[in-house]
Number of protein chains: 2
Amino acid sequence: MRSPIPVVLAGYGSVGRAFVSLLCEKSETLRSRYGLDLWLRAILKSDGGFISDSRNELESFRGRLGRGPAGARLWRPGLTLKLLLPTAKPGVLVECTSSDIRTGEPGLGHIRSALKAGWHVVTASKGPLVVDLNGLRQLARKKHLSLKYGAATAAALPTLDVGVYSLAGAEILSVEGILNGTTNYILTRMQHGAGYEEALREAREKGIAERNPTLDVEGWDTAVKLLLIANSVLGLNLTLRDIQVEGITRLPTRKAVAAREEGKALKLIGRISKSGLRYKAEVAPSILDRSHPLFGVDGASKGITFATDTMGTVTVTGGKSDPRGAAAALLKDIINIFAVSSN
Amino acid sequence: MRSPIPVVLAGYGSVGRAFVSLLCEKSETLRSRYGLDLWLRAILKSDGGFISDSRNELESFRGRLGRGPAGARLWRPGLTLKLLLPTAKPGVLVECTSSDIRTGEPGLGHIRSALKAGWHVVTASKGPLVVDLNGLRQLARKKHLSLKYGAATAAALPTLDVGVYSLAGAEILSVEGILNGTTNYILTRMQHGAGYEEALREAREKGIAERNPTLDVEGWDTAVKLLLIANSVLGLNLTLRDIQVEGITRLPTRKAVAAREEGKALKLIGRISKSGLRYKAEVAPSILDRSHPLFGVDGASKGITFATDTMGTVTVTGGKSDPRGAAAALLKDIINIFAVSSN
């Protein structure tokens, strides 16, 4: 068993809370299976943070720390990551703030500060990666640190693990993904005759769609994930402007129904393909034949398929995309930073 | 760029030849993308080996080295791994002999000698792993070396990568896999009315089935892969005797046809499930509903699905299972030993 690894969590929304809960639940597994002892030192919010010097104290609240007496005792108004970093032995920053997709903040500042201070980073925030993925990766490399972001690219669906690790050495000829659960749920319902508004309302009622689903239904969430996959797996240097994006808001129900009646499926596909020597990236509603590996990925499920030169086509589907799934992806990335696989 | 990494290949059958060819084809990618310079020092057969002290000489034959003049110049009768190891700087042993599944030899001796001499090992041979997986893993751990065997567990289908790496930290509740292309091809044809013998003949004609398909059709190839997955991903210590195995040789065509007519599929499934605190492992023909993640895995394709506590169900399908796919899996494992992922 190694000495305890300090963990700081930035962002205490649904994913952050699920992460704390999971850390408590999995502490025994982490120790026995991976020889890992993670110590949650602090939880940062926008106006301060909870901090504890006792082992397992923050974890023990299982994501339910509030402003009650217990929370008040641990609460430090105005505590920020920049104030905290110089005082702590380096470990892992878990970045879960809801960061702006144009500025990347506040996550971008968090990640840069943490890497500069010698901390590994795992992030569920997409904003910082959209704004400066390659800069952050360079910084991590320079400092011999890990920056992992599986939780930002379809959570528990291992898009990057499969693309980077399982397909190492293969040339990836194309990537196609159903990367957004909300739009896939809506399209699945529309194939059975529901109107767009009706299907969206259902998705909201089931907790699949967020209150403001604009980024999802207009294709931008898919585009962001596609961008991160393209730049990580294919080593490209795309920005969002390089991706042609069409969402599902203007699709008539009859088109979805017709697809199903012809034995096909209508899906919002993020796609990277090679035309000549250049890669082309786009997000667009697409008709899939029954033989397509993503044909059967229905409802709020997701999936991705890689066509390669040497390993054939490899497809991965499923993976929970709720906060618990995202938290599990963060924990998986932490484990893989420290517990180098022995097989 | 690091200094060249010596590679010794044991076994020069279809997978070994494909590996040499791939090594030649991918040398530029290995250098530029992974900073890896692999140097094929020797190719061992049962009665001797080809050896070269010149860079890129063995690779340049692209798996076509024979007993012609070029081959004769490089051929050393009686050369064995044990004779070779003490004379060479440690690197990676690529084990591709067709090893006996009961004794594990000759691969078992190769892998033990290599690990003891400080060499990493990647293997496509299943025999040594069936006989002594846990012993070999312990030896590798003790020597701080890697032992990787993705090529032995469904080749380019990343069963172990997903189970061990992408699902790290999750508890795996069950595993189901279509792990053998020959039987899946036969069953797919039988669903459309072909008799067992007719479908097997077709599979042979297409180069899918081996000349002696007994281990495939009686379920033992599936059982072996399931064993390796169970012991690696779930940390079990099963032997083949712990797996209840039923093949497809006695299935009537009408059962396969009936499954299809009811909108279902008949598959040979390797399955690990938890009953109480114990895991149960079995191989048996099984009827899958349309909603099963492996329902659409037809023909010679393979797939595996993991049900977990925190990450939902993750399914991976596809991946070439021909010699080139197996060679690509060996190369992938080598890359992942040396090029620790930077993201």
Side-chain angles (χ1 to χ4, degrees), chain A residues 22 25-26 29-30 33-34 137 140-141 146-150 155-158 160-162 164-171 232 235 290 293 295-296 303 305-306 308-322 324-325 327-329 331-336 339-343, chain B residues 22 25-26 29-30 33-34 137 140-141 146-150 155-158 160-162 164-171 232 235 290 293 295-296 303 305-306 308-322 324-325 327-329 331-336 339-343:
Chain A
L22 196 63
E25 199 180 312
K26 291 284 184 182
T29 301
L30 291 171
R33 201 187 303 166
Y34 303 100
R137 291 180 73 186
R141 254 194 304 271
S146 290
L147 165 65
K148 286 188 171 272
Y149 42 94
L157 178 74
L160 296 182
D161 293 344
V162 170
V164 174
Y165 191 86
S166 303
L167 301 178
E171 191 189 348
S232 307
R290 186 174 288 276
F295 174 82
T305 186
F306 298 91
T308 74
D309 61 339
T310 51
M311 299 174 107
T313 296
V314 173
T315 304
V316 55
T317 59
K320 260 199 178 174
S321 48
D322 60 0
R324 187 169 160 87
L331 190 61
K332 176 254 300 185
D333 278 348
I334 295 177
I335 292 169
N336 287 327
V340 175
S341 162
S342 64
N343 65 27
Chain B
L22 195 64
E25 198 180 311
K26 291 284 184 181
T29 300
L30 291 171
R33 202 187 302 167
Y34 302 101
R137 291 180 73 186
R141 251 195 305 269
S146 290
L147 165 65
K148 287 189 172 269
Y149 42 95
L157 178 74
L160 295 182
D161 294 343
V162 170
V164 174
Y165 191 86
S166 303
L167 301 178
E171 191 190 346
S232 308
R290 184 173 289 275
F295 173 83
T305 185
F306 298 91
T308 74
D309 61 338
T310 51
M311 299 175 107
T313 297
V314 173
T315 303
V316 55
T317 59
K320 261 200 177 173
S321 47
D322 60 0
R324 187 170 160 87
L331 189 61
K332 175 254 301 186
D333 278 348
I334 296 177
I335 293 169
N336 287 327
V340 174
S341 159
S342 65
N343 64 27

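Within every chain, numbering begins at 1; the chains are lettered A, B, ... in the order of the sequence lines, protein sequences first and strands thereafter.
Taking every heavy atom of both residues into account, A/Ala168 and B/Asn336 meet most closely at CB-OD1, 4.0 Å. When all heavy atoms are compared, the tightest approach of A/Val314 to B/Ala156 is CG2-O, 3.9 Å.
With a 4.5 angstrom heavy-atom cutoff, B/Thr313 touches chain A only via backbone atoms. Contact of A/Leu22 with chain B is made through the side chain alone, with heavy-atom distances under 4.5 Å. Looking at B/Asp309, the atoms closer than 4.5 Å to chain A (heavy atoms on both sides) sit in the backbone and in the side chain alike. Interface residue A/Arg33: only side-chain heavy atoms are found under 4.5 Å from chain B.
In this structure, the side chain to side chain contact (heavy atoms under 4.5 Å, CB included) partners of B/Asp161, at least two apart in sequence or on a different chain, are A/Tyr165, A/Ser166, B/Pro158, B/Lys332. Remark: A/Lys320 engages A/Asp322 in a side chain to side chain contact (heavy atoms under 4.5 Å, CB included) (not counting sequence neighbours).
Between chain A and the residues B/Ala328, B/Pro293, B/Gly235, B/Ser321, the largest count of heavy-atom pairs under 4.5 Å involves B/Ala328. The candidate from B/Gly319, B/Gly150, B/Ala155, B/Gly318 with the greatest count of non-hydrogen atom pairs under 4.5 Å with chain A is B/Gly319. Per-residue counts of heavy-atom pairs under 4.5 Å with chain B were compared for A/Ala170, A/Ala327, A/Gly325; the largest is that of A/Ala170.
For the atom pair B/Lys26 NZ and A/Thr310 OG1, the distance stands at 5.0 Å (nearest 0.5 Å).
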